[in-house]
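Remarks on the structure that follows.
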Amino acid sequence: MSVEAGNVGKSYIDSQLKQTKDYIDVFDLIELGEQKEAAGNMEGAVKTYKEARDKAASLYYAAGKEEALKSRRQPRKN
């Protein structure tokens, strides 16, 4: 049906799938950090937690930047 409609919305769906995958990656890194911590590998746990933090921060920044750009393009409603 999407093809018949000219794939309207496909780029939106693709972007949402990528964003979801990125969030899952963050949660996977947190889980890996917890496993390393439980195994007594504190150095590895800290490194993995920092990686999760950095990825989450980049996702937040990208999402915020995208939202700001969208709001600049759209005229304000009074």
Side-chain angles (χ1 to χ4, degrees):
M1 184 166 163
S2 178
V3 173
E4 294 169 3
N7 285 324
V8 174
K10 183 178 182 327
S11 63
Y12 173 78
I13 292 169
D14 289 343
S15 71
Q16 294 302 303
L17 287 172
K18 183 191 177 318
Q19 185 177 25
T20 301
K21 182 195 175 304
D22 289 341
Y23 286 131
I24 290 171
D25 289 347
V26 170
F27 285 106
D28 286 347
L29 286 168
I30 292 169
E31 175 64 29
L32 181 59
E34 290 173 350
Q35 290 173 5
K36 288 180 179 184
E37 187 176 353
N41 180 359
M42 296 308 290
E43 186 176 319
V46 168
K47 182 178 176 184
T48 304
Y49 286 139
K50 286 181 179 179
E51 188 178 344
R53 179 198 63 200
D54 293 345
K55 182 156 183 90
S58 71
L59 292 173
Y60 176 76
Y61 174 75
K65 183 177 178 181
E66 184 178 323
E67 186 64 30
L69 290 173
K70 280 182 188 177
S71 68
R72 286 186 60 189
R73 286 185 225 131
Q74 297 173 353
R76 286 190 160 177
K77 296 178 183 177
N78 293 336

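It should be emphasised that the depicted structure is a prediction, and the values quoted were computed from it without experimental measurement. What you see below is based on every heavy atom in this structure, not just the backbone, and it leaves out hydrogens, waters and symmetry mates. For this chain, numbers begin at 1 and follow the sequence in order.
Asn41 is linked by a side-chain hydrogen bond (donor to acceptor under 3.5 Å, both in side chains) to nothing, counting only residues two or more places apart in sequence or in another chain. For Asp54, there are no side-chain contact (heavy atoms from CB on, under 4.5 Å) partners, not counting sequence neighbours. For Gln19, the side-chain hydrogen bond (donor to acceptor under 3.5 Å, both in side chains) partners are Tyr23, not counting sequence neighbours. For Lys50, the side-chain contact (heavy atoms from CB on, under 4.5 Å) criterion is met by Val46, Arg53, not counting sequence neighbours. The side-chain hydrogen bond (donor to acceptor under 3.5 Å, both in side chains) check on Glu37 picks up Tyr49, with sequence neighbours excluded. Qualifying side-chain hydrogen bond (donor to acceptor under 3.5 Å, both in side chains) partners for Gln35, counting only residues two or more places apart in sequence or in other chains: Glu31.
For the atom pair Ile30 CD1 and Lys55 NZ, the distance stands at 12.0 Å (nearest 0.5 Å). For the atom pair Asp28 CG and Glu51 CD, the distance stands at 11.0 Å (nearest 0.5 Å). In this structure, CG in Asp22 is found 11.0 Å from CG in Leu17, a value given to the nearest 0.5 Å.
Residues Ala45 and Gly33 share a closest heavy-atom pair of CB-O, 3.5 Å. For the pair Thr48 and Leu29, the tightest heavy-atom approach, listed with the atom from each and the gap, is CG2-O, 3.1 Å.
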For a salt bridge (Lys or Arg N to Asp or Glu O under 4.0 Å) check, start with the C-alpha distance between Lys18 and Asp14, then their side-chain angles and the critical distance, and finish with the verdict.
CA-CA 6 Å; Lys18 183 191 177 318; Asp14 289 343; over 6 Å; no
